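Just below is one structure, and these are the notes that go with it.
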Amino acid sequence: MSWSPQPEILEQLRLVFLNSLSPDNTLRGLATKTLEEARRTQRDLNNYLVNIFVTPTSDAEIHLRASAGIMLKNNVLAQYDAISREPAVIEYIKENIVIGLSQPVAMIRNIAGSVVSAVVSKGSFQSWPDILPKLMAMTNHDNTVVQEGALSALAKLFEDSGSELDSDPEGQRVLSFMIPRFIELARSPSPKVRSLCIVCLNQFILRMSQALFVHIDAFLTTLFQLAVDTDPDVRKNICTAFVMLLDVREEKLVPHLEGIVNYSLHCMGDDDEQVALEACEFLLGLAEHDRLRNQVSAFLPKILPVLFRCMVYSEQDILRFESMAEDDARMEDKATDIRPTHAKSRNAHNASHFSAENNKSGNGTGNDDGEFDDDDDDDEDEDDDDYSMDISDWNLRKCSAAALDIFASSYHERILEFSLPTLKQNLVSHEWPVREAAILAYGAIAEGCVDGMSPFLPEVIPYFVQALGDPVAPIRQITCWTLGRYSSWICYRSADIGYEQEFIPVLTGLLKCCLDNNKKVQEAGCSGFANFADQAGGLLVPYLMYILQNLTLCFLKYQSKNLAILYDAVQTLVDKVGYAMKSKEYIDLLLPPLIERWQKLSDDDTDLFPLLECLSSVTAALGEHFAPYAEPVFQRAVKILHDNLVMAQEASNDPTLDSPDKDFIVTALDLLDGLVQGLGSLSVGLVNQSQYPLMQMILACLNDPVHEVRQSAFALLGDMAIGSFDVIKAYIPAIMTELIPQIDSGDPSCSAVCNNATWAAGEIALKLGEDVRPYVAPLMEKLVVVVAVNGYVEQTIVENAAITIGRLGISCPDVIAPRLETFAAYWCKALRIIRDTDEKESAFKGMCKIVVVNPNGLQGCLPEFIEAIGMYTEPSDELLHMFSTILSGYRGLVGDWDQVIMSQISDEVRQTLRDRYDV
């Protein structure tokens, strides 16, 4: 292309890029605006960017060139369709960007490779047919810098677009030439070339590329030959290859398994942390590998000591702890210390877990499996994350602990055989990092080895309680987590033999740590208490005053980050024992700090999210006892909902406006739901006094593109049907227009929306009575599909769909009866084993009415329906009479009753049927 830059424009752009790197905020801001304007108006901007990027300059301007290259890559990713419509521009980019791959500065080569990969990923290899031949030709160059640039680009290409090559016959032919070349180049004298060749080959392991697997033996031989390579990147990439091969071609590793395990254990002591971490990933993969369980068992005596050693904090970590303030409770949180806060959507109603106190499977109260998760994940639960004192990245310590956890779940007591002597010895070590790692290890094996640990726990738990007062903060912190992992054992044992042995010391110890002067210990104590409360449930009732007094003090002491964790702990407590917290003395302790915090936060503060979620559970649990506080809380929640809906509408009409965070809408809906659920009919007055039209806003939310908004809106709608139906009655046609299409189990990402919509439909049907008739047929079209495909639909959705079908049958059995044969068997399977609740009773009443209208509809599943009747534990008198009538009728219709029906039913259920119904 005969394009050449205009010197004045080129110099202007160079100056702008220099200013974008200035320490002066004003200059940087102006430069950013200028570049954005150029992106919109300068037609050949990308040509200038290429020119600036690939034109060699002084070392002082390397970062200027890098900035141009990064902007070019981002433009390609964001505007490829527009750029590709300018053939001269895209060809100029392709023709010149490759120059950057040969330049001496590694940063420039890397960015050039990223641009190459961006062009291919947005277009295709076919749109740039000569790129692979060009790059492969560069691998033959005498200059290793050129080889490195080409291989770096190839590695990025294979990572981003390798599946395109692997799935195309022509791509397979290209790979069949390239892969042997990479294996050959892996013996290059250049460590960078060796490393990049293994990276390129690794890209095709998990894709199970036949082009690679044809050469699998040569590949393995190369890996073994390079295992003692002096370059850490080579060793790391070899470990990565073993991890991937273990996942897809373990049979190729089995003959060499002992050597690979020994190599991994050796590499876990590597001076390079990334090498050690990748080696540990191989052991983590072994722990998860069921098919190799017998072979791996023999290596446990070697593996476990290395895992224990790698769980000890490094010297660098220890120095970091020593430089930190032990007592930092009064130090304000830095912005970087606080994770972004996200709303937790109100989860779907679970038909098999309804209870009188809490018929909603709400926001979750703790996940005891998340200790070793990468802290960058948006986990809903805080209580098991980030136990390692500001070392939040996935690291060797966490990976080792995760491997130990999984080994314990797979090998149980065999783990204890090789662990307990070492752990007991390490618990009394004079070195605190060794003691801390031992406590972590006890926590890691808790789930898999709790049965084998039971004889030792009466001795170990008191030690942990004592460790909660250790002068070293990391020990107090990890002990809170470990006690949380043993909460189920402690609470189960205490329920049988009294609280004095472990229950009270653990409870008081965790609450003391909640009030610790170290913020990390506060966090761990609060999370440990939440886990403990989740397991203890009603055992906590005698100690509620003591618990609330301590948690109230936490509100006075905590900074922003830990307040969010405190809200979660309070929410867990309320979800478990809220039914016992309705006395004035408890309410006067619990509500004032929550309301005070609520009043301090502005309507656009994201710290509202966890507080709103907590208040949602509190209001639902306290019910009418929350009434004195309800009016201002209700009105502010409605205002937050209204303001954010208005902002969302304005943003949809004007793209220049920022859209609001939909989490404000979600949490406002959930708080309103908690109020409606708790206050019941008392909420009608609040709705009627609202300054904003609540029902119109809910209808808007039912049509929101964000799943979580619709999920929470349907939860609120269902609870309004239960407690304040008069408010929604006039809107039923509009509600059903939005609701019926969303009973759709075909999209897993919308499963919670489908579930809540299904449940809400059932609640509305109960209240509408005969007036539900116009909606029965379209509802059944949806519900039958849900119950009839329950092989891959979540069981909760199937249960709720079955309940809703039954509830529709109460008022309109004649409409449903002709379809009985199409869903009866699935209906029986869904509801026969869930525990007895009002929801289940209403469903069976409706089903009985349907059966009476069409008794022949059960021809294909009569034994299953009768078994479901027999498994119903405590039917009401009305339902008992309905069951008796139906059983009597069928017994008169079926000739050989015992042989045809009763022989297909289990002995226990058959005896129940005979004793209760005389059949």
Side-chain angles (χ1 to χ4, degrees), residues 343-351 353-366 530 533-534 537-538 540-541 544 548 567-583 586-587 589-591 594-595 598 608-638 640-641 666-687 694 698 711-725 727-728 752 755-756 759-760 763 837-839:
K344 307 171 190 173
S345 302
R346 186 171 290 277
N347 289 338
H349 292 246
N350 187 337
H353 294 90
F354 284 120
S355 68
E357 296 82 17
N358 181 19
N359 73 338
K360 195 183 304 289
S361 169
N363 295 328
T365 54
D534 189 42
L540 296 175
V541 171
L544 276 176
L548 291 173
Y567 298 145
D568 185 72
V570 171
Q571 185 176 352
T572 302
L573 179 68
V574 169
D575 286 342
K576 290 297 177 180
V577 294
Y579 61 88
M581 297 173 64
K582 297 179 180 180
S583 68
Y586 294 150
I587 293 172
L589 273 174
L590 176 63
L591 286 182
L594 288 172
I595 298 299
W598 154 267
L608 273 176
F609 297 157
L611 176 55
L612 287 170
E613 289 152 7
C614 179
L615 277 172
S616 175
S617 290
V618 170
T619 55
L622 297 184
E624 62 184 22
H625 297 276
F626 189 79
Y629 300 87
E631 197 275 335
V633 174
F634 187 93
Q635 298 303 340
R636 187 178 178 195
V638 172
I640 292 171
L641 177 61
V666 172
T667 49
L669 287 168
D670 288 348
L671 179 52
L672 291 169
D673 189 8
L675 286 161
V676 167
Q677 186 183 353
L679 296 173
S681 61
L682 295 178
S683 64
V684 174
L686 294 175
V687 175
L694 180 58
I698 293 174
Q711 175 183 340
S712 290
F714 279 120
L716 172 56
L717 193 64
D719 280 318
M720 290 180 76
I722 295 172
S724 50
F725 182 71
V727 172
I728 72 171
N755 197 29
N756 279 9
W759 169 79
E763 297 296 345
T837 62
D838 292 342
E839 289 74 20

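Bear in mind the structure is a predicted one, so any value in this text is a computation, not a measurement.
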Verdict with supporting geometry, Trp598 and Leu671, side chain to side chain contact (heavy atoms under 4.5 Å, CB included): CA-CA 12 Å; Trp598 154 267; Leu671 179 52; 3.8 Å; yes
Contact check, side chains of Leu594 and Tyr567, non-hydrogen atoms, under 4.5 Å: yes
Val638 and Leu686, any side-chain heavy atoms less than 4.5 Å apart: no
Gap separating the OG1 atom of Thr619 from the CG atom of Leu615, nearest 0.5 angstrom: 7.0 Å
Nearest non-hydrogen partners of Leu622 and Met581, listed with the distance: CD2-O, 3.5 Å
Minimum side-chain heavy-atom gap Ile698-Leu672 below 4.5 Å: no
Gap separating the OH atom of Tyr586 from the CG atom of Leu544, nearest 0.5 angstrom: 5.0 Å
Non-hydrogen side-chain atoms of Val541 and Tyr579 separated by less than 4.5 Å: yes
Steps toward side chain to side chain contact (heavy atoms under 4.5 Å, CB included) verdict (Leu591, Val618): CA-CA 9 Å; Leu591 286 182; Val618 170; 3.6 Å; yes
Non-hydrogen atoms of Glu624 and Leu679 that approach each other most closely: CA-CD2, 4.0 Å
Heavy-atom pair of closest approach, residues Val574 and Ala621: CG1-CB, 3.2 Å
Note, Val666 side chain near Ser712 side chain (heavy atom, < 4.5 Å): yes
Residue pair Phe626 / Val633, side-chain heavy-atom distance below 4.5 Å: yes
Val676 and Ser724, any side-chain heavy atoms less than 4.5 Å apart: yes
Shortest non-hydrogen contact from Phe714 toward Trp759: O-CZ3, 4.0 Å
OG on Ser617 to CG on Asp670, rounded to 0.5 Å: 9.0 Å
Qualifying residues under side chain to side chain contact (heavy atoms under 4.5 Å, CB included), relative to Ala721, sequence neighbours excluded: Phe725, Ile728, Glu763, Ile764
Minimum heavy-atom distance Ala713-Leu669, with the two atoms named: N-CD1, 3.9 Å
Close side-chain approach of Lys576 to Leu540, heavy-atom, < 4.5 Å: no
For Ile587 against Lys582, the heavy-atom pair lying closest together: CD1-O, 3.6 Å
Check: Asn756 side chain, Gln711 main-chain N or O, donor-acceptor pair, under 3.5 Å: yes
Gap between atom CG of Leu675 and atom CG of Leu682 - 0.5 Å precision: 11.0 Å
Val727 vs Leu694, side chain to side chain contact (heavy atoms under 4.5 Å, CB included): CA-CA, chis, key distance, verdict: CA-CA 10 Å; Val727 172; Leu694 180 58; 5.9 Å; no
Stepwise side chain to side chain donor-acceptor pair (under 3.5 Å) test for Asp534 and Thr572: CA-CA 6 Å; Asp534 189 42; Thr572 302; over 6 Å; no
Distance in Å, Asp568 CG paired with Leu573 CG, rounded so as to fall on 0.5 Å steps: 11.5 Å
Working for side chain to side chain contact (heavy atoms under 4.5 Å, CB included), residues Ile640 and Thr667: CA-CA 9 Å; Ile640 292 171; Thr667 49; 5.9 Å; no
